[in-house]
Each structure stands twice: as C-alpha cells, then as structure tokens.
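In the text below, chain A, chain B and the rest are named by the order of the sequence lines, each starting its count at 1.
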Amino acid sequence: MTPDFLLEMYRRILRIRYFDEAAVELVRQGELPGVAHTTIGQEAEVVGACMAVRVDDYMVGNHRSHGHPIGKGADMKRLMAELLGKVTGVNRGKGGSMHLADFSVGSVGETSIVGSGVPVAAGAALAARMLGTDRVCLCFFGDGATNEGAFHEGLNLAAIWKLPVIYLCENNQYAVTTPAAEVVAVRNIADRARAYDIPGVVVDGQDPVAVYEVVSEAVQRARQGLGPSLIEAKTYRYLEHAEGLPIAAQYRTAEEVAAWKARDPVVTFRQRLIQEGVATPEALDQVVAAVRAEVAEAVAYARSSPYPDPEEAFTGVYSTPVGGVR
Amino acid sequence: MTPDFLLEMYRRILRIRYFDEAAVELVRQGELPGVAHTTIGQEAEVVGACMAVRVDDYMVGNHRSHGHPIGKGADMKRLMAELLGKVTGVNRGKGGSMHLADFSVGSVGETSIVGSGVPVAAGAALAARMLGTDRVCLCFFGDGATNEGAFHEGLNLAAIWKLPVIYLCENNQYAVTTPAAEVVAVRNIADRARAYDIPGVVVDGQDPVAVYEVVSEAVQRARQGLGPSLIEAKTYRYLEHAEGLPIAAQYRTAEEVAAWKARDPVVTFRQRLIQEGVATPEALDQVVAAVRAEVAEAVAYARSSPYPDPEEAFTGVYSTPVGGVR
Amino acid sequence: MREITYLQAIYEAQREEMQRDARVFIMGEDLESSVYGTTRGFTEEFGRERVRNTPLSENGFVGAAAGAAMVGLRPIVDINIASFMYVAMDQLVSIVAKATYMYGGQARVPLVIRAAMFYNGANAAQHSDRPYPMFMNMPGLKIIAPSSPYDIKGLLKTAIRDDDPVLCFEDATLWFTKEAVPEEEYLIPLGQAAVKREGRDVTVVAVAGAVRQALDAAQVLAQEGISVEVVDPRSLVPLDVATILASVEKTGRLVVVDPAHQTCSAASEIAALVAERGFWSLSAPIVRVATPDVHVPFSPPLERQLYPTSERIVAAVRQTLRESAASA
Amino acid sequence: MREITYLQAIYEAQREEMQRDARVFIMGEDLESSVYGTTRGFTEEFGRERVRNTPLSENGFVGAAAGAAMVGLRPIVDINIASFMYVAMDQLVSIVAKATYMYGGQARVPLVIRAAMFYNGANAAQHSDRPYPMFMNMPGLKIIAPSSPYDIKGLLKTAIRDDDPVLCFEDATLWFTKEAVPEEEYLIPLGQAAVKREGRDVTVVAVAGAVRQALDAAQVLAQEGISVEVVDPRSLVPLDVATILASVEKTGRLVVVDPAHQTCSAASEIAALVAERGFWSLSAPIVRVATPDVHVPFSPPLERQLYPTSERIVAAVRQTLRESAASA
Ligand SMILES: Cc1ncc(C[n+]2csc(CCOP(=O)(O)OP(=O)(O)O)c2C)c(N)n1
Ligand SMILES: Cc1ncc(C[n+]2csc(CCOP(=O)(O)OP(=O)(O)O)c2C)c(N)n1
Ligand SMILES: [Mg+2]
Ligand SMILES: [Mg+2]
C-alpha cells in the first residue's frame, strides 16, 4: 500500500465523519427532512471495503449508507443535496437519506427495507458476469439483516451460481436497540457462511487496512470466478440508531460506548499514519482542513440548490410512460 | 423398543404405502381432484419421526404429507375423504391433499407454500411452552424448502428462543425436477444448523429405527428446554413429483431409482423384523392384510361420503362472522 | 373527561387486554425500548415471555404468531411500519388469512397485526405505504383503520378479543392527536361506521387520517351553507355498507377520500359499491380523492401535495354540486 | 392461419425475444424440464447461463432479476403460480416497483414477471389466487392479463421489450385454448383495450379468463335480441379508460367481470372510474361479477360455482336492463 493510498483512505474516512456530522447538525436544525442514520464510528470498514474495489464495480447499501458512496469516491455535493431533498441531489430529491444511488460510482442503490439489498447485489453480480465484465458487487448490510429471509436466499443464490459478490456484514452489535447477541443465533455472523459453503471471515472493522486486505482477497476470488464471500466487520455506531428518532432506552452501557470510542478509527488511523511515517501531523492537518472545506462546500451547495418542481412528483414512476401512466 | 412398538412401526409404514397407492389410483381414475404428492418411498422417515413424539405433540407438514398424520395415528377414513373433497374429510373438503390438518392427532396443518410451515411450527412450539405444557412440535419439509427465507427465519427464531421444535428435513434429493446438489449450496443440509448454533444431524431416512432414535434425542432436548434441532433424513420419492402432473423430463437415472428401491423400507424393515425375531412372516402377512383392509375401508368411506353442500363454500372464512362477512 | 393521544390509546388498549387475558402477548422489534411508547413499561409488568423482542424476521415472527394463535394463544404483532408487511406477505396471506377456512374450521387464528402508516414525514418510497387495499382483496383478514384516539382504543380492544386475524392500520399522522377518552372500559364493534358529522348535501366517506381533512373541509363548506356528512367506516373489513348507502340516499352525492394509492383503493371499492347498490340515489358522479399512483417521494414539497387535503376535498365536494346542478 | 395454444404463444414470444436480444434471459424453477412447455428446448438453444433453473427462493431470484435488470440485462422471471408472488412481495414491491422512481431515474428495471393463475382445478386456497388487483394498488408495475393466444403473444413480446417491470398474469384456464396466430412477428402495445365483440345495449368489461365467459354470455343474449359489447382491457396498468368510457357512452350500461376476489378488484376500479367519469352515460347501476370474498375451496362442487360464469354474466346483463327499464 502506497502512502498516497493510505492518505486517500484517511481522507475518505474523514469525509464520511464530517459529512455525517454535518447531516446530524442539519437534522437538528430542521433542514434535513425525516431522520438520518449515520455511519459515524463505522467509517473504517466502509472505506477499507470500498477502496478494495474499483469505481466501476457495483455497490449496494442500506439505510445506513451515507458513507458508502463517499467511500467509493462519490461527489459529496450531490449526496448532501439529496439529503436535503433538492433537485440537484443524486436521486433528484426523490430518494433521500435511506435510498442514495449514484450510478456514476457504481452505487446502484441503497435500500431501506432491511435485507432487501442482498438479492439485488447477487443480481448485479450475475449481470456483471453475463455482460462479460470482471466487475464484482460489494454489498453492505447490518447484523440485524442477517436474520431476514432475503439474506439467506441471496447468499444461497450467490453461492450456487458462484457470483462475484462480496457480502460485507457491518456488525455494529445492535439493530436499533436490540443486541445481536440476543437475536442472532450464532456468535460470529461470519459462521453463517457455512450454510452456503463459502468463505466466512471476521475482521476488525475499526482497522481500515485489515478490512481492505480481507475484502481484497474476496474480490480476487470473485474476479477469478470462485464465488462470493461473507465478511463480518465488527464495528460500532457512536450515535443513536437515527438522528431525529426519539430513542430514550438505555440499551448500551457507557463503558461499552467508551471502549469503542477509545478505538476511534479517525484517531487511531491518524496515529498509525504518523507512526509509520506515512505523513506528518501537519500534512494530516492539511487533509483535515481540506475535507472540512469540502464538506462545508457540499452543505452550501445543498442549501443553495432548489427543491424539485412539485410536478416532478408525478413523473418518473415509469421510465417509458404509456397511456395515463407516467 | 418393544416388539409391539416395532410392529406398530411396520403397520404405519404399510398404511402410508397403501394409502398413497390408493390415492394414485384415484387420481388416475379421475376420482381424486387435482394432483397428489405421494410419500411413497419416504414412509420410514415419516413413521420413525412421528412415533418419536406423543399424539398430543404438534406436527406441521407440507404439500407431501398424506403420510404424516397417518404416522401420527390419524384415522385414514377422514384423510381419504378429504382427498376426494368430501364433507366427511378432516378439513370438510376445503383443504384437499396439500392442506391436511387433523387437530385430533396434533396435526395443526399442512401448508403447500414451500417453506411456510417452518415459522408456524416455531409458533406452535412457543405456545406449547407458554401454555405450560411439555409438548413439542415436529416440522417436516423438503430439501427445496431449505432455500426459502422462511426456513432461515424460522430456524433462527426457534434457536434464539430455545423453542421445543424438531425440524425434520426430508431430503429426497429433488425439488420437482431440480437436484438439491445444484441448488442447495451446502452438501449436507444438516450443516445449515451451524448458522443457528443448534444440533444438525444426518440420518438414513430409509431406516425407521435410526430416525426414531435421532428424533427421540431431539425431542428429549426440546422437552428439557434445550431448544430445537435440525435433522436431515436422506430419502427418496419413488414416483414423480405429483401424480397428475405431466412431468416428462428425465432428471433421475434408472440406476439411481433402482438403487433406492433396493433399500425399500417396506421390504427391508420386514426382513429385519423377521431376522430379529420380532415377528413371523405369517404374523406380518396378517398385518399386511389388515392394513389393506383398513385402506380399502377408507376408500369406500371416502367414495360413499357426500360432497359438502355448495353453500359451505361461503362460510368459514371467519370463525366469528360479523356484518356481511362470513 | 381526560384527553389522551392516539399512541396512548394504543398503549392502554394493549395493556388492558394483556391484564385481562393471560393468553394475550405481544411480539415485535424493539418492543422493550418502545420508541413511541405503545409498550412502555410492558416488560416490567408482563415479563419478557409475554413481551417478545423479535429479530428482524417479519415473515418468521408473523408465522410464529399464527402458529401460536392456532393452538391457543392470542398474539399481538407490532410489525412496526406498514411497509414492512410486504416482507411478511407470505405468512400474512398464505397462513394468517387462509388457515381458518383451509383447515375446515379446525384452526382459529386470533391474532392482531398492528402496522403504522408512516406517511407525510419524508420517509420516502420504502417507508410510507398505506397498503390496506391490498389486504382488502384477500379474504380472511378483518381490517380496521381507526381515525381517532377514542376509536382506536375501542376497536383495538375488540380486535384483540376477536377470534379472527385483524389488521390494525394505525395512521401515524394521527399519533399525537388528542381526544376525550373515558377511563372506563368500552369496546367498539367491528363493522360499524361512524357518522362523524351529519349533513344533507354531500356524503364524504373518509378513511383513516383523511377523516380529519374531511371534517376540516366540512367546516369550511358549512360557512358557505354547504352541509357535508362525514362518514368514517372505521373498519374496512367488514365494511358497514348500510350506513354509507343510507347517507348517500339522503345526500345524493358521494366523495370518497382515501390516503391510499387511488387504483384499487378502498375508495374504489366504496365507489363501486355505491355505483351498484346506491346508483338511483346518486344525482352526481362519484368523486374519489386519493393519493395519485406515484411512489412517495422524499422531498417534502413533492410529498405533501400527494395526500388528500381539505382543499382537495372541498374542491371535490364543489364539483359534485356543480355537476348535479348543471344536470338538474 | 395456423392455430396455436396460449402456452405455445408464450413459448414463441419468449423464444423470439431471446433470439432477438442477447440481453434477454429467463429464470425460474424447473425451467429446464419445462413441465408445461413454455421453455421447451431452451437450455439446448440458449444454454444454461440464459436459462437459469433457480432454487426455491422466489424473493431471492426476483431480487436478483431486479439487480440484473438495473445494470443492463432484461430478465424474464417465470414465478410459476401467481400465489407464489406473496413470497416475493418484498422484492416485487420494495425494489421492482420502486427502484426507477426512488433512484431518481438512474435505474431502469426492464423485467418481466410471469405468473400463472391456476384456478378452477382443485388446487385449493394456497395455489389458486388471482392477485393482480393487489399489484394494481402499487405504482411502478405495468400489468397485463391476456385472454387469448394472439393477445398473449403480442403483449408478452411488448412486455419483454418494455423498459419497465411488467407483470404478466397468465390465466391457466386458457392454457389449452387455441386461436389463429400469424407466423409473422407482431406486437400489441400496452394500454390498448380490445373490443372483442361490438354491441349496443350493455357494455361488459371482462378481465383475463372471464373474457371467454363474457363472449359466451353475449352469444346467449344475442339470441334474445340483446346486443352486448365485450371489452377486454388486456392491460390493467396502463388501463385504456377511454375505450371503456366510449363503450359505456354508447350502451349506457356496464357489467364488469373479474375472476379476482371482488373487494378492491380490477372490477371495483373500473366501476369506480366509470362512476366518476362516465356517470352521465349510465342509465342503470353498474354490476360487478367477480369471485366472492372467500378462499378457494378444494372440493370441486364448492369451487366451480365461485368464478364468473356465463350464466352469472347473463343474469347481470339482464339485471342492468331490468333496472334501467324500470326507471325509464
Ligand atoms: C424489513 C424491515 N424491518 C424493520 C425495519 C426498521 N429498521 C430500520 S433499520 C433497523 C435496524 C437494522 O439493524 P442492522 O441490520 O443491524 O443495521 P444497523 O442499523 O445497525 O446498521 C430496523 C429494525 C426496516 N427498515 N425494514
Ligand atoms: C413458494 C413455493 N414455490 C414453489 C412451489 C411449487 N412447488 C411445490 S412442491 C415444490 C418442490 C418442493 O421441493 P422439496 O421442498 O424438496 O419437497 P419435495 O416435494 O421434494 O418433498 C415446488 C417447487 C410452491 N408450492 N411454493
Ligand atoms: Mg446493526
Ligand atoms: Mg425434495
């Protein structure tokens, strides 16, 4: 891994962190409609995985995937505009925070029905192969999603057809307030791979390089036609399930939260870059400043963009309208 | 196992065989409406499993479960009447071959949407426990069903709640014409138990005693509050997917069929009973004759029973009708 | 009389029924933390066996609830947002709706499925559906869509005591509305519409959250001397057709207001029923005011115009009056 | 002209489109053995990559088809029996129907879902549904319900070429009916009803398998001098309302015949549309002839009476004539 590559990792981790911090602020100020599920705390696994694939590889995300297109290199301005429901948003304001899609970086759509992206990812991977490309599909979902039937069906399909897909379970230990330990019958979600005879790997989701490495290996297998992998990144979300939801329950201890924050990827990865001589603290500070400026620009762009014309609500249900239907 | 018990096993195996042979004949003669999915070839696993539970334990079957209520001790007359759509049928003619239910022997309903019985069985088991009983639920399904999301969700639920349910996969190697080897990503379906951290056991489905033993062990665990098990019985159906369906495809070799028939439970179990001195050939012939008479009686009963009054179609949608709704 | 919110009414209905009948229990995701308060304190009061936090397995736990109901328990399933019902459609249709009939009456399925319709809140296409019309097309399910705290308390209690499966569609746009609700126990039977306002000139049948818009519209029109009768079916299956027909017989005009997508909506069904059985009462075309057949867009300026508003209802009422006058 | 069956027409439509466009492929259970012949010999002709036998994972493979469609392929999914669509409802609704809109037009979903409606054959409650009305309530899906070999060939080919998801409901009661179908290629556009018989006195709009019953009824009534116009919408979304309204304008009377369950059926929608937009043409109440809201019972004497028959249609037509005469 070159220093440039590592610096780019750091940059993307910061982008996600600051982007989501801005999103939280916009919810609190009533500028972001609805609620926002943040990736804060999980940036390392997102970036490690996304940087292990090419920009023309496909990606499928879920309700908590602001960060994922960013990890894959998307323009933050159009993402932020989408979060505010503006016509300049990636989905022209029709999708919002839980349904970002940015085909320009291979993000073929996030889907907020938990588990529903898993079969879609298998299909994108199937098409990649049938179209004669060596593209793969990277599919993100949570610990909770692995209890949905769609997860099971999608993994079995991908396995029997040896599809080039990398299933990345972001095990942040909870589904809303429900601990995975209580509702996922197996200790390591990666062990569910055994039901499909595919590799299952546990990785430290707070270490972007470790994630990058295991995902790279899975990508290589996939491109070689050896089929899918299930990777479980152990991680943690710092904030509540969604900014804007009135969750009052005490389902996590202060110690647990503190222990995870002590391994904050923004902090630890910076330390590592300095220790390993990849960059000086000053150089990293410059990255910080640059990213802050980018995010501020994205917010400004989003704010100043117009809402879609209300008429747009009535178009686009079909891509080829006929009759009274549009 | 007492000789009486073994003889009863033999008797029930024969009942299923002859019952289904009669059903096939009735389809061919146009007396049985629709199609019939037979249990012929799979009798041993059905009886071994059913006799490992009590009559007041619950049971859930699927489209191929004529034999299962019989295994649990049901009256064949009312089952056969149901197959002919008569008002004396267990479901008053409303369910038919794929949806037999006989609450009097704990058969709480067969369901022909593949996989759909798996969650229902978890629920019956949950109720058994919540109602303070030590009942268990025995749930049958095929190899194909293990690719449905409902299978996964049901097993996970049963596992996390430690429900008293025995999941018995009747792996007859095919779903209609599709080989399990091509569509089930894992070699032994029992290995799917690892995704739920529950016992997974493979057993010879042509040996009723072996099945009885592994199911008994699972029942014991279940009654002790230790949770569910997944048991895979390797078995085979002799006839086509369903009598009455125009399946022409050659998806099984003649050798394969012959190899399985060489281990026919009706034959091998009889030999064993004689060899082990449980019964004389003459005594077994008497059982055969008696069962043939029972089945003939069931057919006669079914034939001579009336159809339901057409008005019955309009009642029973609700158990407590209100307004225009009945 | 004290006033309580729609959410509080749900809480009370569930709590009272769980206190009354030990066979009643509740399942759903994150019940223990009870984000919106409908199961607040339930774990402490009833224990974790009767207040079951489920995994994200809607099809699995709806099926499990059906299985439990078939052998003697009386589950309430909080499926959370109505858009998640699609994930559980297999069990809802193939088991919950059909078991009673298909098993020839051997099984009863006393089961309540609660589903919040979470629309007009920038939750976008996958979280904002009002899917009761789909379920109206499937026999075997009773369906309620209460429009006020009083109604939901009485109807939900009845639903829990009913021996058949009942889908309770809870309109989240009403969650925080308040109404006087007695402390004493009461039940509202299924299949009885409520005339929420009497009137002479036009009948407005309104469903769920649209009842409020209809009452607002009636108020506006009253100032012009137009007298609107607002009928709330409250339960969609069974549907109180008699009350609707009687009202149309009196007024001669019908507007049907439904927050669901228009095609094959509850409004379509009610319009069809009246066109069949109340045709000779009608002196003007029936008008539906529903959500157009587009998905719910995220951006609020796109979304908020889609649902029936009092303005759209006022316009529809005026249209029926204009058309009947022109023909007279 | 040669005559072919409905099943043969499906076979030809699929085969021609797969020959024409290499992006078209087909997925489903047991396709290779092709029990009913609609993919006979496809594996040999197109290979196993384009003729994919699937596991029993309807939700999974419908979702996979959607994913493949979104990035450039054009899948046909044979979901087999329409009652299995419930199992795939999650992907059908949340992805297939919504992706194009929700992703702001970045995704197209050129996908055909074929589903046989397998009723009146003693297949009982879980295998006999006619669920198109549910899907009509969900925007984003185009829906066809062809009633003859000619129609299904032309419509299915159009559906395969369409850039949006199309659900093709195939009426299994028609599988073995034959009709003259040209050897040459032809397409039938979506959204165009067919007037299957012209008439003056009563309009009968009939859906799918009921078209045959309606034509039979028209024949019977013609002998009494009653002239029935039979309109077959052919595609339910988009629906050719103009042709229906024009017919009712001519006849003044409407009977809608639909093999689906009556409540919130296609018949309800068509009745509602005419009660709104064709009201002044009507000289009698609209009558729906549909399947009553009961599940499909197994026993044939219970089942066969449930669906629209020509006798029921004749009676309905007479009723509209009687009622309009009485009022005249
Ligand atoms: C099918 C479905 N059920 C429930 C929900 C509501 N919901 C949204 S996110 C969520 C938790 C998801 O947990 P997990 O998969 O672990 O992802 P995380 O939010 O922890 O990243 C729930 C229950 C949903 N969106 N879809
Ligand atoms: C959800 C669903 N999909 C498809 C079918 C059609 N079907 C009925 S039985 C069957 C095969 C089932 O295979 P398996 O589970 O192995 O049971 P078997 O018939 O071999 O006993 C299929 C595809 C169905 N009934 N339900
Ligand atoms: Mg999680
Ligand atoms: Mg099988």
Side chain, backbone, both or neither: which part of [X] has a non-hydrogen atom closer than 4.5 Å to chain C?
X         : answer
Ile160(B) : side chain
Tyr58(B)  : side chain
Glu110(B) : backbone

Contacting moiety of Gln91(C), where chain B heavy atoms sit under 4.5 Å =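 Just its side chain gets close to chain B.
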
At a heavy-atom separation under 4.5 Å, does Thr54(C) approach chain B through its side chain, its backbone, both, or neither?
-> both

Selection from [options] maximising heavy-atom pairs under 4.5 Å formed with chain C:
options                                   : answer
Pro119(B), Gly93(B), Ala127(B)            : Pro119(B)
Arg129(B), Glu82(B), Arg92(B)             : Arg129(B)
Ser116(B), Gly117(B), Gly89(B)            : Ser116(B)
Leu100(B), Val60(B), Val108(B), Leu155(B) : Val108(B)
Val118(B), Leu126(B), Asn156(B)           : Leu126(B)

Value rounded to 0.5 Å, distance of CH2 in Trp161(B) from CG in Asn53(C) =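 Answer for the CH2-CG pair, Trp161(B) versus Asn53(C), is 9.0 Å.
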
How many angstroms lie between CD1 in Ile95(C) and OG1 in Thr111(B), if you round to the nearest 0.5 Å?
->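 Going from the CD1 atom of Ile95(C) to the OG1 atom of Thr111(B) covers 3.5 Å.
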
Tell me, out of Glu49(C), Gln192(C), Met27(C), Arg50(C), who's got the most heavy-atom pairs with chain B below 4.5 Å.
->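 Maximum pair count with chain B is reached by Glu49(C).
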
Residues, nucleotides or ligands: over 12 heavy atoms within 6.0 Å of Gln19(C) CD |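 Count over threshold, so yes.
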
How about Glu148(B) and Asp90(C): do any of their side-chain heavy atoms sit closer than 4.5 Å?
-> no

Is there any residue in residues 55-71 of chain C with a non-hydrogen atom under 4.5 Å from a non-hydrogen atom of chain B, and which ones are they?
->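 Against chain B, the residues of residues 55-71 of chain C that fall inside the cut-off (heavy atoms, under 4.5 Å) are Pro55(C), Ser57(C), Glu58(C), Asn59(C), Gly60(C), Phe61(C), Gly63(C), Ala64(C), Gly67(C), Ala68(C), Met70(C), Val71(C).
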
Which residues in residues 97-111 of chain C have a heavy atom less than 4.5 Å from any heavy atom of chain B?
->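 Answer by number: Thr100(C), Tyr101(C), Met102(C), Tyr103(C), Gly104(C), Gln106(C), Ala107(C), Arg108(C).
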
Looking only at non-hydrogen atoms, find the nearest pair between Leu141(C) and Tyr318(B) and report the distance.
->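 Scanning both residues completely, I find the closest heavy atoms to be O-OH, 3.1 Å.
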
Thr320(B) side chain to Asp163(C) side chain, donor-acceptor N/O pair below 3.5 angstrom = no

